[in-house]
There are 2 protein chains.
Amino acid sequence: MNATDPQPGAARPHTGRRRNEAAHRAILDAALRLLAESDGTPVTIDAIARTAGVGKQTVYRWWPSKGAVLLDALSARADQDVAGPDSGDLRADLRAFVATTFDAAQQDTSASALRALVREAARDPHLADLMQTFTATRRTALRELLVRGRERGQLPGDADLDLIVDQVYGVFWYRFLLGHAPLDADAADRLAASLVAGAQ
Amino acid sequence: MNATDPQPGAARPHTGRRRNEAAHRAILDAALRLLAESDGTPVTIDAIARTAGVGKQTVYRWWPSKGAVLLDALSARADQDVAGPDSGDLRADLRAFVATTFDAAQQDTSASALRALVREAARDPHLADLMQTFTATRRTALRELLVRGRERGQLPGDADLDLIVDQVYGVFWYRFLLGHAPLDADAADRLAASLVAGAQ
DNA sequence: TGATTGCCGAGACTGTTAGTCTTGTCAACG
DNA sequence: CGTTGACAAGACTAACAGTCTCGGCAATCA
């Protein structure tokens, strides 16, 4: 130890080769493409690295796990408007919110990518955590939409807002993952109507 | 080829050692125990065989895949009454059905086993198929309950019964898998009331 | 009783994948 | 030009599903 030793944590001028932003983007692009093309088979890190023309170590230099890469790839694309609609009419707002949610997941590129992501999350607790954080913003937006409706007297004061939120996202994920029934504008319309009427 | 050759497919008297029923049961018991104890880590065939005191080949002699073993282990326990309640009052029937469904999944032994099973199904298409068949009987029972209600005039003729079914099972699986909100009698009550009122 | 048949436990083996480690190269900076 | 650290390539380890092989043993039949 002498006076020229760097302080631990002190800002030391960067030396050496800089990180390659192009490689970063190439990895995300490759991950998204592979997620979208995934036909039920899991997306492998080897495939991502090879598609991006990058060494595996470079992937792990930027992200801690495969799940983190996949989620990052998808969130980059789903750079969504978090604010819910606010027209003054609860039923219309709810209908618009649900329709938007349903519609976003039907975009062909996102759909299979999102399904693949859920499959990965099922056995990667770290990714499951990241996804919960990610989806929490949408849940919150929906809940605030409902609170506004309740304050306007369009929902009874004792309505179970959490149950309504779970009905929306429960139906959404259930149909999205099983694919046995449509997630179209008509379904959104009926669901919104049923929820508003059911809470009275 | 001569006259003493066995006919293909002809019933030939069984020879050789018989299958060991005790091993069969030991495997199911081991699978169920490991599923229940699974703390998020996947249940392996090696572990099942070792716990059951059995060779891996014996497992594969009785079941075609790991998923089949797991599902069989759980279905053996969930030997359910498929018939839905039929009191003449839709709201009461629906409430009872939902409460029963919620309650069955809260049994501590089944709960983590079922969660582990869903995780396995996420990456084993064969198991996912088996599970859909398995859950279809419950969905059908619920739908028939709703049809009876509609025939009694307790639901409008144009009510979207499939949407109601999906609202029940959507909320159920969503809360069951995420564990962020309760699946208790009160939730069942509110959900049933909301669905009947919402369909009017 | 002894031969045949087919299940049994044990565990070696193959193929796949996540994540780590190694090697030689190359770019940034002093 | 020397030091540093990112880079591509790919070897390596550890799990795991599913297959294969082996010697042993139980049920049946001649």
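Reminder, nothing fancy here: chain letters follow the sequence lines and each chain counts from 1.
- An OP1 or OP2 oxygen of C/dA18 is reached within less than 4.0 angstrom by no side-chain nitrogen or oxygen of A/Trp63.
- A cation-pi arrangement is absent between A/Arg138 and A/Tyr169, since the terminal nitrogen or guanidinium carbon is not both under 6.0 Å from the aromatic centre and inside a 45° cone about the axis.
- For the pair B/Ile27 CD1 and C/dA10 C1', the interatomic distance rounds to 14 Å; values are reported in whole Å.
- Summarising the geometry, the separation between CZ on B/Arg19 and P on C/dT5 is reported as 18 Å, rounded to the nearest angstrom.
- Taking the six-membered ring for Trp and thresholds of 30 and 60 degrees, B/Tyr174 and B/His180 have ring planes more than 60 degrees apart, a perpendicular arrangement.
- For the pair A/Asn20 CG and D/dG5 C1', the interatomic distance rounds to 13 Å; values are reported in whole Å.
- Taking only distance into account, the side chain of B/Lys66 never meets the base of D/dG18 through a donor-acceptor pair shorter than 3.5 Å.
- Checking C/dA27, C/dG6, C/dA18 against every side-chain atom of A/Arg17, the shortest atom distance belongs to C/dA27.
- Nearest-nucleotide mapping onto DNA chain C: of A/Val43 and A/Gln57, the residue sitting toward the 5' end is A/Val43.
- Rounded to an integer number of Å, the gap from CZ of A/Arg123 to C1' of D/dA17 is 12 Å.
- OP1 and OP2 of D/dC16 both lie 4.0 Å or more from every side-chain N or O belonging to B/Thr44.
- Among A/Leu94, A/Thr100, A/Asp93, the single residue meeting the side chain to side chain contact (heavy atoms under 4.5 Å, CB included) criterion with A/Pro85 is A/Asp93.
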Would you check, one step at a time, whether the test salt bridge (Lys or Arg N to Asp or Glu O under 4.0 Å) holds for B/Arg25 with B/Asp29?
CA-CA 6 Å; B/Arg25 277 194 308 278; B/Asp29 286 352; over 6 Å; no
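- If you measure from atom CZ of A/Arg119 to atom P of C/dA18, you get 13 Å, rounded to the nearest angstrom.
- Taking 3.5 Å as the limit, the base of C/dG11 and the side chain of B/Lys56 contain no donor-acceptor pair of atoms between them.
- How far CD of B/Gln200 is from CD of A/Gln200: 13.0 Å, rounded to the nearest 0.5 Å.
- Regarding B/Leu70, its CG atom lies at a distance of 14 Å from the C1' atom of D/dC16, rounded to whole Å.
- When the nearest nucleotides of DNA chain C are assigned to A/Gly16 and A/Tyr60 by heavy-atom distance, the more 5′-ward of the two goes with A/Tyr60.
- Going from atom CZ of A/Arg25 over to atom P of D/dC7 covers 13 Å, rounded to whole Å.
- The nearest whole Å value for the distance from the CH2 atom in B/Trp62 to the C1' atom in D/dT19 is 20 Å.
- Taking only side-chain nitrogens and oxygens, B/Arg61 comes nearer than 4.0 Å to OP1 or OP2 of C/dC8.
- Phosphate proximity of D/dT28 to B/Arg18: present, with a side-chain N or O under 4.0 Å from OP1 or OP2.
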